[in-house]
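Only a predicted model underlies this, so the values are computations on that prediction, with no experimental measurement involved. To find a chain, count down the sequence lines: A is the first, B the second, and so on, and within it residues start at 1. Heavy-atom basis, side chains included; hydrogens, waters and symmetry copies ignored.
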Amino acid sequence: MRAYTFLLDVLKTAVNNQGLDWPEKAGIEPPRDKSHGDLASNAAMILGKKAGLPPRELAERVVKEVMQSGPMIARAEVAGPGFVNVFFSNIFWQQTIHAVQNQGQAYGRSQWGEGTKAQVEYVSANPTGPLHIGHGRGAAVGDSLARILRATGYEVSTEYYLNDAGRQMNLLGRSIWARYQQVKGIQAPLPEDGYKGEYILELARELCAEQGERLLAADEDEALRICRQWGVERILAGINSDLDMFRVEHQVWFSEQKLVQSGAVDKTLQDLQTSGLAYEQDGALWFASTRFGDDKDRVLRKSDGELTYFASDIAYHADKFTRGFDLCIDVWGADHHGYVPRMRAAVQALGRRADDLQVVLIQLVNLQRKGEQVAMSTRSGQFVTLSEVMREVGTDAARFIFLTRKSDSSLDMDLDLLKEQSMDNPVYYVQYAHARICSMLARAEERGVRAGRPTEEVISRLNTEEDLELLKMLERFPDTVQGAARTLSPHHISFYLLDLAGSLHRYYNRHPVLNCGDEDLAQARLQLMISVAQVVRNGLNLLGVSAPESM
RNA sequence: GGGCAAUUAGCUCAGUCGGAUAGAGCGCCAGCCUCCGGAGCUGGAGGCCGCAGGUUCGAAUCCUGCAUUGCCCA
């Protein structure tokens with residue numbers, strides 16, 4: 001049983017026996033200072049006034065009850081202004097071995113989000129160019145979030161929203177058409193806002209090789225149509241293969257074009273007008289987003305009749321909710337943050353709570369080489385693609401580094417450091433912990449040492465300070481996963497794993513396992529190692545990072 | 001001009017329902033291989049948690065103002 005829930009039961013009972021109710025605001029937390037116990041509660045301080053007792057006096061009474069709760073709790077004491085500090089017994093922590101090994105891959109999972117249908121929409125890059133490094137960060141975060149939410153009981157669907165209807169597509173077609181003509185020796189200027197990247201030229205060359213002179217003979221509209229369609233297909237194929245290499249899979253690809261063609265956008269606009277949330281003014285159609293806390297009302301259809309992105313985005317989210325999702329999580333680039341209030345307004349206009357949409361913002365990745373900034377800009381064509389980075393540093397290193405920061409703070413990523421496989425590269429530190437244990441297990445096998453069942457007698461040998469440190473850390477894993485789910489923060493898992501790996505390396509240097517000179521003790525420590533390896537695997541799996549047995 | 005976010009050790013960053021003496025990695029200094037993987041470990045120095053007020057038993061955390069930086073919008 002987990003420490004938190006166990007203690008909560010004990011404390012609730014103790015408080016009730018004083019004729020008081022457990023206060024909702026009361027906390028049970030691990031104190032920063034280990035000498036203050038494994039868990040501490042401030043309940044007595046909160047209840048003091050109501051009970052008409054000094055907090056310390058009340059705490060004394062609670063402590064007396066806690067002390068009599070059985071063998072799992074070693075002792076409890078009053079401290080400071082009225083904290084109740086609780087120390088669990090070694091027996092309690094040793095049970096963690098059973099929990100980890102009985103549950104195996106499922107250790108850390110919970111039913112916390114059970115009954116909630118969630119959708120994670122991420123990457124959703126326009127098919128106008130290859131994925132760059134920023135998309136990679138969004139991909140890592142979105143994919144990891146989906147894994148974490150599944151692990152906490154949510155029913156999760158992942159989705160890529162394909163902006164294949166807008167003027168960007170036409171621009172792509174025109175850019176390729178211009179390059180195509182240039183390849184054929186015809187003076188054709190690039191469109192003013194056109195895509196200038198090298199990849200456009202390459203696409204044009206390939207198209208030439210495939211089509212020869214044929215496009216020059218066709219009329220221009222037809223040529224543009226072919227360029228556009230062909231370009232989108234080729235770029236999408238590239239995006240798909242990049243995501244594949246990055247170990248990211250979207251269950252659903254949702255086409256904006258099909259959404260528009262189905263009439264869903266028009267219907268959404270009509271619905272908004274019917275309910276009085278959209279109105280005509282100055283020849284345009286406006287959404288009254290100010291009614292839901294946005295700064296100003298927003299245009300849905302311009303006076304020239306063209307629909308805005310916002311209009312199809314509302315229809316898209318209406319479609320999401322129609323499909324039965326209780327919670328929609330959108331992973332966006334942070335440069336779209338100004339878009340959040342109006343989207344949340346739209347969600348409310350659709351009759352949902354604003355919180356049914358959660359937007360996770362992904363800040364910039366600053367690529368560096370040898371400490372120097374690498375310039376990135378899609379328009380100028382100077383940018384580093386995701387596939388280049390993956391080839392350089394590997395998928396594991398890239399994913400892990402993306403998940404070692406809060407997603408909404410910018411990230412400096414030095415490719416040269418990541419390649420060095422040095423200690424600056426934290427993924428190796430964690431993977432090494434796993435490989436180290438696997439190597440130890442292989443050695444044990446060679447020596448004919450078999451890891452048996454972890455009986456009570458065996459695990460009762462785990463009593464050193466470092467044993468308990470590892471056991472406590474293993475016990476914390478399910479809470480860590482749940483916390484990551486609650487705050488939509490995969491980086492909590494990364495930091496946990498770095499902590500756990502640190503404790504393992506420390507343990508390894510201090511306590512021989514196979515060479516400890518005591519068969520029973522060796523068996524106990526082997527069980528601990530097996531459990532640590534299991535949790536490292538489970539944690540890395542939530543990040544989509546591999547756990548190699550040797551490196 | 002308005003809005004959103006950020007500001008924590010020399011550097012890069014954790015710290016999300018307010019808790020006790022604020023943490024990690026890198027870098028720097030000093031150590032640890034007869035031994036299961038040294039891609040490791042141990043110890044040390046290093047802080048006005050941007051500044052100033054406020055809320056309370058208690059603030060890096062919540063509120064207000066200011067400063068600086070980044071982004072978005074007109």
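- Side-chain contact of A:Q523 with A:E519: a donor-acceptor pair under 3.5 Å is absent, judged by distance alone.
- For the C1' atom pair drawn from B:G70 and B:A24, the interatomic distance equals 25 Å after rounding to whole Å.
- Considering only the side chain of A:H492, B:U16 comes nearest among B:U16, B:C36, B:C17.
- Here the side chain of A:D335 is nearest to one of B:C72, B:C36, B:U16, namely B:C72.
- The distance from the CG atom of A:L462 to the CG atom of A:L521 is 7.5 Å, given to the nearest 0.5 Å.
- Residue-level contact check: A:A433 touches neither bases nor backbone, having no heavy atom under 4.0 Å from any strand.
- In this structure, A:K34 reaches neither bases nor backbone, as no heavy-atom distance under 4.0 Å exists between it and the strands shown.
- With its glycosidic angle more than 90° from 0, B:C11 is assigned anti.
- Between B:G40 and B:G25, the distance separating the two C1' atoms is 15 Å to the nearest Å.
- Regarding A:N366, its CG atom lies at a distance of 10 Å from the P atom of B:C71, rounded to whole Å.
- When the P atom is compared between B:G58 and B:A6, the two are found 26 Å apart, to the nearest whole Å.
- Contact between the side-chain N/O atoms of A:K406 and the OP1/OP2 oxygens of B:U16 is not found at any separation under 4.0 Å.
- Contact annotation for A:Y339: no contact, since no heavy-atom pair falls under 4.0 Å across all strands.
- As a whole-Å value, the separation of A:H505 NE2 from B:G40 P is 7 Å.
- Closest approach to the A:F83 side chain among B:A20, B:G3, B:C13 is made by B:A20 (side chain taken as heavy atoms from C-beta onward).
- Among B:G19, B:U16, B:G37, the nucleotide with an atom closest to any side-chain atom of A:R486 is B:U16.
- Here, B:A45 and B:G10 have their C1' atoms 12 Å apart, quoted to the whole Å.
- The residue from A:V331, A:V359, A:I148, A:L145 that alone fulfils the side-chain contact (heavy atoms from CB on, under 4.5 Å) condition with A:L488 is A:L145.
- Contact annotation for A:N515: base contact, defined as any heavy-atom pair under 4.0 Å involving a base atom.
- No contact: A:A444 has no heavy atom under 4.0 Å from any strand.
- Counting any heavy atom pair closer than 4.0 Å across all strands shown, A:H511 reaches a base atom.
- Put simply, A:H336 has no side-chain N or O that comes within less than 4.0 Å of OP1 or OP2 on B:C4.
- Atom name P, nucleotides B:G47 and B:C41: the rounded distance is 25 Å, in whole Å.
- With B:G19, B:G40, B:U12 as the choices, the nucleotide that has an atom nearest any side-chain atom of A:R405 turns out to be B:U12.
- Minimum atom distance to the side chain of A:Y508 is reached by B:C36, of the listed B:A74, B:C36, B:C71.
- The aromatic rings of A:W332 and A:H336 sit perpendicular to each other, their planes meeting at more than 60°, with 30° as the lower class boundary.
- Annotation: B:C13 and B:G65 have their P atoms spaced 28 Å apart (nearest Å).
- Rounded to the nearest Å, the gap between the C1' atom of B:C71 and that of B:C28 is 36 Å.
- A close approach under 4.0 Å does occur between a side-chain nitrogen or oxygen of A:Y429 and OP1 or OP2 of B:C41.
- The two atoms that bring A:S531 and A:L474 nearest to each other are CB-CD1, 3.8 Å, heavy atoms only.
- Of the candidates B:A39, B:C36, B:U16, the closest approach to any side-chain atom of A:M440 belongs to B:C36.
- Between B:G3, B:G37, B:U42, one nucleotide has an atom nearer to the side chain of A:S439 than all others, and that is B:G37.
- Here, B:A14 and B:A39 have their C1' atoms 23 Å apart, quoted to the whole Å.
- For B:G40, neither phosphate oxygen OP1 nor OP2 lies less than 4.0 angstrom from any side-chain nitrogen or oxygen of A:R506.
- Distances were taken from every side-chain heavy atom of A:D412 (C-beta onward) to each of B:C13, B:U16, B:G37; the shortest belongs to B:C13.
- Across all strands, A:D294 comes closer than 4.0 Å to no nucleic acid atom at all (heavy-atom distances).
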Determine which bases of RNA chain B form Watson-Crick or G-U wobble pairs with both distances under 3.5 Å, and write the result as a 5' to 3' dot-bracket string with | for other-strand partners. (((((((..((((.....[...)))).(((((.......))))).....(((((..]....)))))))))))).
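- Sequence order on RNA chain B of the closest nucleotides to A:A501 and A:D295 puts A:D295 first from the 5' end.
- Residue-level contact check: A:S410 touches the backbone only, with heavy atoms under 4.0 Å from sugar-phosphate atoms and none from bases.
- Considering only side-chain atoms of A:H36, the nucleotide from B:U16, B:A20, B:G19 that sits closest is B:A20.
- Counting to the nearest Å, the C1' atom of B:C36 and the CG atom of A:L528 are 14 Å from each other.
- At a threshold of 4.0 angstrom between heavy atoms, the contacts of A:S409 are confined to the sugar-phosphate backbone, with no base atom among them.
- Following rounding to the nearest Å, A:Y507 (OH) and B:G37 (C1') show an atom-to-atom distance of 17 Å.
- With hydrogens and angles left out, the side-chain atoms of A:D330 and A:H317 include a donor and acceptor closer than 3.5 Å.
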